[in-house]
Amino acid sequence: MAEANWYVVHTYSGYENKVKLDIEKTIKNRNLQDQILKVSVPTQSVVEIKKGVEKTADKKLFPGYVLIHMVMNDDTWYVVRNTRGVTGFVGPGSKPVPLSEEEMAELSFKTPDVVLGFEEGDMVVVTAGVWKDTVGAIKSINKGKKTVTINVEMFVGRETPVEFAFKEVKKM
């Protein structure tokens with residue numbers, strides 16, 4: 001039996017999950033479980049912070065594409081290529097090119113990205129703690145620690161940098 005490889009299939013944007021489900025149904029109906037091993041829509045968890053609320057969402061890494069682990073032959077090519085929503089395999093002409101081991105290793109993401117509703121220089125207001133209702137400009141952002149540093153006026157005319165969690169501040 002031939003070796004299974006990962007292939008990239010181009011789909012209409014927004015149809016990735018529908019294509020995945022349709023291919024999985026066809027695999028079951030045609031008993032191709034030993035030839036088409038896995039169908040995947042790669043996603044990554046992203047932490048979004050808007051108005052002080054932290055929310056985790058899954059974002060598609062490659063909108064318009066589906067990854068398929070399969071043995072390439074005439075039957076599997078036909079099943080995938082003729083699935084509604086599929087525009088074709090990625091590769092030159094009509095010949096699909098499998099992903100290399102290095103390319104597959106690059107697709108494993110470990111830490112979620114943080115998408116902020118603010119950036120350095122933006123004016124924010126503190127929403128919690130002893131500094132509640134304090135206003136200041138963001139001097140630095142530390143995505144690893146999920147904190148921002150703003151200058152707070154402690155004594156008349158003297159500013160001191162204070163660190164706050166992302167969820168403790170919101171953009172003005």
Side-chain angles (χ1 to χ4, degrees), residues 4-25 27 36-70 83 85-87 89-90 97-172:
N5 291 306
W6 283 96
Y7 294 90
V8 181
V9 175
H10 187 263
T11 68
Y12 294 123
S13 188
Y15 282 76
E16 300 89 350
N17 292 324
K18 176 82 169 112
V19 166
K20 178 182 187 259
L21 291 173
D22 288 349
I23 291 173
E24 288 172 343
K25 281 182 192 172
I27 291 168
I36 301 177
L37 307 173
K38 185 167 184 176
V39 182
S40 175
V41 178
T43 59
Q44 180 178 23
S45 292
V46 176
V47 179
E48 295 177 335
I49 299 173
K50 292 183 182 174
K51 297 183 181 179
V53 178
E54 190 173 305
K55 181 178 146 188
T56 303
D58 286 333
K59 301 282 183 182
K60 290 181 184 128
L61 289 177
F62 311 110
Y65 294 94
V66 175
L67 298 178
I68 301 179
H69 191 213
M70 63 186 236
T83 299
V86 171
T87 59
F89 281 92
V90 173
V97 176
L99 292 173
S100 67
E101 293 293 327
E102 295 81 30
E103 290 169 324
M104 287 307 297
E106 288 178 22
L107 293 178
S108 60
F109 290 87
K110 293 171 182 64
T111 56
D113 285 344
V114 177
V115 178
L116 301 174
F118 44 80
E119 55 190 41
E120 286 184 27
D122 285 349
M123 294 298 290
V124 293
V125 62
V126 179
T127 59
V130 295
W131 298 104
K132 186 174 180 176
D133 298 327
T134 301
V135 177
I138 297 176
K139 298 298 175 195
S140 66
I141 297 174
N142 185 333
K143 288 186 178 181
K145 289 174 54 180
K146 295 185 178 181
T147 61
V148 295
T149 303
I150 66 172
N151 282 345
V152 174
E153 192 172 314
M154 284 192 150
F155 303 106
V156 179
R158 297 188 86 181
E159 290 188 341
T160 304
V162 180
E163 200 172 68
F164 296 98
F166 286 164
K167 61 185 176 184
E168 293 179 331
V169 297
K170 73 175 183 182
K171 190 174 178 177
M172 292 184 66

Any Val19 side-chain heavy atom under 4.5 Å of Tyr12 side chain = no
Which residues pass the salt bridge (charged side-chain N to carboxylate O under 4.0 Å, His left out) test with Lys139, sequence neighbours left out?
-> none
Closest heavy-atom pair, Thr147 versus Phe166, reported as atoms and distance to 0.1 Å, is O-CE2, 3.2 Å
Non-hydrogen atoms of Asn5 and Tyr7 that approach each other most closely | O-CD1, 3.4 Å
Is the closest basic N to carboxylate O distance between Glu16 and Lys20 below 4.0 Å?
-> no
Heavy-atom nearest pair, Thr11 first then Val66, reads CG2-CG2, 3.8 Å
In short, Pro161 meets Asn151 closest at the heavy-atom pair CA-OD1, 3.4 Å
Taken to the nearest 0.5 Å, the spacing of Glu24 CD from Thr83 OG1 works out to 11.0 Å
Nearest-0.5 Å distance, CD1 of residue Ile23 to CD1 of residue Ile68 | 3.5 Å
Run the side-chain contact (heavy atoms from CB on, under 4.5 Å) check on Val8 and Leu67 step by step: do they pass?
-> CA-CA 5 Å; Val8 181; Leu67 298 178; 3.5 Å; yes
Determine whether Phe118 and Val169 make a side-chain contact, defined as any pair of heavy atoms from C-beta on separated by less than 4.5 Å.
-> yes
Hey, does Thr134 have a side-chain heavy atom less than 4.5 Å from the side chain of Phe164?
-> no
Carefully, step by step, assess Ser140 and Thr149 under the rule side-chain hydrogen bond (donor to acceptor under 3.5 Å, both in side chains).
-> CA-CA 5 Å; Ser140 66; Thr149 303; 3.3 Å; yes
Are Phe89 and His10 close enough that their ring centres sit under 6.0 Å apart?
-> no
Gap separating the OH atom of Tyr65 from the OG1 atom of Thr87, nearest 0.5 angstrom = 7.5 Å
Do any side-chain atoms of residues 120-127 form donor-acceptor pairs under 3.5 angstrom with protein atoms, and if so which ones, sequence neighbours left out?
residue	atom	partner	partner atom	Å
Asp122	OD2	Glu119	N	2.9
Thr127	OG1	Glu168	O	3.0

So Thr160 and Val152, side-chain contact (heavy atoms from CB on, under 4.5 Å) or not? Walk me through it.
-> CA-CA 5 Å; Thr160 304; Val152 174; 5.6 Å; no
Non-hydrogen atoms of Lys60 and Pro63 that approach each other most closely = O-CD, 3.9 Å
Where Ser40 and Pro42 come nearest, the two heavy atoms and their spacing = O-CD, 3.5 Å
Close side-chain approach of Leu61 and Thr43, heavy atoms under 4.5 Å | no
CZ-OG distance between Phe62 and Ser13, expressed to the nearest 0.5 angstrom = 14.0 Å
Tell me, please, which residues at least two apart from Lys18 pass salt bridge (charged side-chain N to carboxylate O under 4.0 Å, His left out).
-> Asp22
